[in-house]
Each structure stands twice: as structure tokens, then as C-alpha cells.
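Just so it is clear, the structure is predicted and the values come from calculations on it, not from any experiment. Numbering starts at 1 and runs along the sequence shown.
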Amino acid sequence: MLWTLPLAFLAIFFFFPLSKIFSLTFSPSTLTPENLQITNYHLRFTFLQATLSTLLTLALGLPSAVLFARYDFRGKSLLRALTAVPFLLPTVVVAAAFNSLLGQRSPLSTFLFPLSSFLPPSPFTLILAAHVFYNTTIVIRIVGAALSNLDPKLEHVARSLGADSFRVWTKVTLPLLRPSILAASILVFLFDFTSFGVILLLGGSQFATLEVEIYIQAVKQLNLPLAALLAIIQLACTLAFSILYSKYAIRNTQYFPHSRPPLKPQTLKQKLFVTSLCFLLSAFFLLPLSSLPIRSLTRLEADRGQRGEIQYGFTTDYYKELFINRRGSVFYVPPFQAILNSITYASATVILSILIGFPAAVALSKPTTLDKLLDPLIMLPLGSSAVMLGLGFLLTFGKWLTLPLMVPVAHTLVALPFVIRALQPAIASIPQRLRQAASTLGASPFEVWKNIDLPILRRATLAAATFAFTISLGEFGATLLITRPDYPTIPVAIERFLSQPGGLNYGQAMAMSTILMLLTIASILLVEKFRLPNSREF
């Protein structure tokens, strides 16, 4: 009975749309030479950008993993937290941050590049940089954890036999780290392979990966069969990489009780390594995050159609304009309305995901054999991309997409696995003996729930609700396909403003990105406050 509601929800809103995509893909009209040629082109480009992004992420992530695992220095915790923040931000915020720092409308492009021989980075370079910015923390976490847990006796034995530092690293340490490096590489590659918001906002259709091309074919070209074919190809690749990651992630879980604690840098070489890498990481992660609010308060160009004197410098106009319908059009949606839409959708997502996720979490708190078999089904939406979910909704629900409720339903599919994983350990930790003792002493079921269950579940429920709220606020891929034009969310409104000319539109995009970034960071802090100490990492 506990699984009835979660399975019914998945059957209607995930498996049924997925079956529609499959049936459309394998029809004779879809598998044409032209469609296969287009698919092959975008598949090769997706592999290319994901491979380059992964190699660059490893180039920064591996030395950073050594830094955090082997050395102790002032500000280490703060720098580690700084490297983790981008991974938790919505992709539109990351794209907007790099656009504000190095894009065509950034202060560098406006004042520095025209006066020097330097050229602003190309969109493809910005995409690669944003992917490194987004995923470096994965390498730091996975490889750094493996490095911290290596048995130090192995290196000591190698040194006692005359091996220098280079031979110890290449012959002992690196082979032992190979499973963790492979696991981190596959996970980073997977995120780069399914990247959507970063590529759409920084590169556009010129650099369309499978994910971006699905959106273009479905929404702009109205070629749903080709979009379905691209989606199935991407799903097959995603599942293959997920299986590979699971294989190496299991190999990576080796822990030694006497691991080497981090030490303060002693030699000049060590001090130079720590100082230079700290400076590089601080600059790479702080500059994009700080440039976003700065650009939202700085006027560098004329507004669209503006011919009078332009007041360059500090301004709060971009935030004020969020509340104004200056065009006077009944079809124009003010940005502030998009913020209200996002908050409304996020609130509905919280309610839906808690209602549907709670019975599944109760079942999984003391799992039977059947519960263990059903558990992976809940995780399946995470294996498909958000754009693919949106495409499934387009193919399945048609006119029903005019209902605003469909957006929080799609968001719930993404948030549900996280909500269940947040609630499950809290429900399992409720002491049954205490409940039985209270009942024996005459407490009613309501009093037992109020005095024993509620204090334990309150923190976990707040953490799960904040998770769902944050995911809904930043969700971009599925929302862009299924949202109604008159009910945009914050990420959709940011994409609209960035695609339009004029300084006012760009400034409002920066202002909304800043607001979304602050809301996300506040939500992350709330999750960390409410999350139980024994909760799993996601």
C-alpha cells in the first residue's frame, strides 16, 4: 500500500512519457539517413566538448585534491566550501556569472579588450571554463577522499627502498588512485555530456550538444521524431556511463584506519605549491561569483533604443525595473512576476514531493525484499535528463500542458529521489521501544506522534522540503520545454533577457541571476542546518 502513490505517480508522469519517446523513435519515418546524420554530428560534438571539459577539470582538480588531502593551511575549510558552491548553483546562474565576467558585455570586453591586443574568449572557451568551474569539486571530493585514506605504510616502504618522490607518486600512489580518478572522470564526463543551461546560454545553437539539439528540434523546429531519436541516444549513453561509474565507485570504497593526517607545508617547494594553488583557486572561483552582483549594479551600455546621455557606473535601476511593466503590454510578464511564479512552483513541488515521497521513505526505512527491488525505480528519473523529461511531457500531455500544475509535477520527478533520501534515515531512526513504552503508559497515537515522531521528523522534513524548493527554483531544462509563455520562471526569464539586445535587458538578467544565486545559497545553508548527521551525501 505504501508504494501505491509513488508508483502511480512514476507510471503516469515518467514511464508513460518515456514509452511515447520510444514508440516515436523506432518508427520508420524517424530512422531516416538525414536524421541519423544529424544525430551523428551532435553526438560527436557532445563527446568532444565533454572530453575536453573533463580533461581540463582533471588538470585543475587533481592538484587541488592533493592540496586538500595532504596539506593543512589557514582558510582551508573556507576555500573547500568555495570550490563546492558552483556545483550547487543552477546552471543558468553559472552561465550568467561567466557571461558577466568574460562575455561580450563584461567590463573586461568593454574597457580592456578594445584597448589591447587581447581578444575576449570564444563561446566554446567559456563553455569549457564554466564546466571546469562547475565540476572541479567532484574531483576534489572523490580523489581527495581516496588520497586521504591511502595506507601511508606503502609510501614509507617505497621511500625506504630508495625511491624518490616522483617514483613514489608514479609507481605507488597513482596506481592506487586510478579507480577513484576513473570514477571522478566518468562522473564529470556524465555531467558535461548532459549539460544544457551552460551550453544554451553561452554557446547557443552554434554549439548544440545532444541536449541542446533536443530542445531546438522539439520547440523551434517542431521536429519531434528527431528530438525523440536524440533523446534515446542520449539516454543510452547516460545509462552506459552510469553503469561504468557504479563499477569504479564500488572499487573506490577502500578505507584504512591509519591514514596520514594533513601536514603544514614545510619545504619551499611545498609552500610554493600551496600558496600558488590557493591563489589560483580563489581567483577562479571568486571572480565569476563576485562579478555577477557587481555587473547587476553597474551600467556599461545604453538601453535598447536609448539615444540620450548615458549615465555609466553604479546603478540600482536593473533591480527597480524588475517590478515595472515599462512596455505597457498585456502580454509582457514583469520579472517580479517570474520570481513569484518560481516561488509558487517551488512551493507546489515541496507539497507534491513530500506527499509522494513520505510513503516511499517509510517503506524504505525497514525495507523488505520487495522494497529493495522497487527502490531503484524511484531513482530512474535521475538517469534521464531534464530536457528528456520535458520532451516526454510534450509528447504525452499535449493540451494539458496549458495547466500551470504540470511544471511542479515535472519538478517533483527530479526532486523526489532527494526527498526520499532525506526522509528515510530520519524515519528509520525513530526508536520503536520509546513509541511502545509511550503507548503502554496510555499515550494516544496522536500523542505518540506529537512527542516522539514529530521532533525527529521535523528537521528531516524541513531539509527535504528545502531540497525540493531549491531544485525547483533552479530547474531549467524541463521548464523551458513545458512552461507557458505567460508563466515564466526565474531561469526562463533570465534566458529571455540574455537573448535580447539592450543594456536594460542584460542588467535585469544579471539582477535576476544574483537573486537566484542568493536564494540558492540560503537554501543550501538551511539544508545543512536541518540535515541529520547520519544522512547520506547526494
State the [atom1]-[atom2] distance between [X] and [Y], to the nearest 0.5 angstrom.
X	Y	atom1	atom2	answer
L441	E447	CG	CD	11.0 Å
L82	L281	CG	CG	8.5 Å
I339	L519	CD1	CG	8.0 Å
F336	Q508	CZ	CD	13.5 Å
T39	I233	OG1	CD1	6.5 Å
I354	F467	CD1	CZ	11.5 Å

Do [X] side-chain atoms and [Y] backbone N/O form a donor-acceptor pair below 3.5 Å?
X	Y	result
N341	Q337	yes
E475	A478	yes
T46	L210	yes
T396	F393	no
T483	L480	no
S342	I490	yes
Q49	D192	yes
R295	T298	yes
S53	A50	no
E321	Y318	no

With side chain to side chain contact (heavy atoms under 4.5 Å, CB included) as the test, would you mind laying out the steps for T315 and L297 before giving the verdict? CA-CA 5 Å; T315 179; L297 293 168; 6.0 Å; no
Minimum heavy-atom distance between [X] and [Y], given as atom pair plus value:
X	Y	answer
S100	P288	OG-O, 4.5 Å
G103	L126	CA-CD1, 4.4 Å
S472	A346	OG-CA, 3.3 Å
L516	P491	CD2-CG, 4.1 Å
T514	S296	OG1-OG, 3.7 Å
P359	I356	CD-O, 3.4 Å

Could you check whether any side-chain heavy atom of [X] comes within less than 4.5 Å of a side-chain heavy atom of [Y], counting everything from C-beta outward?
X	Y	value
L405	P408	yes
L18	L235	yes
C237	F193	yes
R484	P404	yes
L89	I521	yes
F133	F284	yes
I471	T349	no
L201	V94	no

Does the separation of the ring centres of [X] and [Y] fall below 6.0 angstrom?
X	Y	answer
Y134	F191	no
F13	F397	yes
Y245	F241	no

Neighbour count above 12 (heavy atom, 6.0 Å) for Y319 OH: yes
[Y] and [X] side chains, donor-acceptor separation under 3.5 Å:
X	Y	result
T479	H411	yes
E211	S385	yes
T30	S27	yes
T209	H42	no
E213	Q217	yes
Y345	T489	no

Could you walk me through whether F189 and I186 pass the side chain to side chain contact (heavy atoms under 4.5 Å, CB included) test, one step at a time? CA-CA 5 Å; F189 186 90; I186 294 169; 5.5 Å; no
Criterion side chain to side chain contact (heavy atoms under 4.5 Å, CB included) on V409 and F9, from CA distance to verdict: CA-CA 9 Å; V409 167; F9 180 78; 4.0 Å; yes
Intermediate values then yes/no, side chain to side chain contact (heavy atoms under 4.5 Å, CB included), L457 and F358: CA-CA 11 Å; L457 294 179; F358 199 84; 4.0 Å; yes
Start with the C-alpha gap between S195 and H131, add the side-chain angles, then the distance that decides, and say whether side chain to side chain donor-acceptor pair (under 3.5 Å) holds. CA-CA 8 Å; S195 177; H131 283 165; 2.9 Å; yes
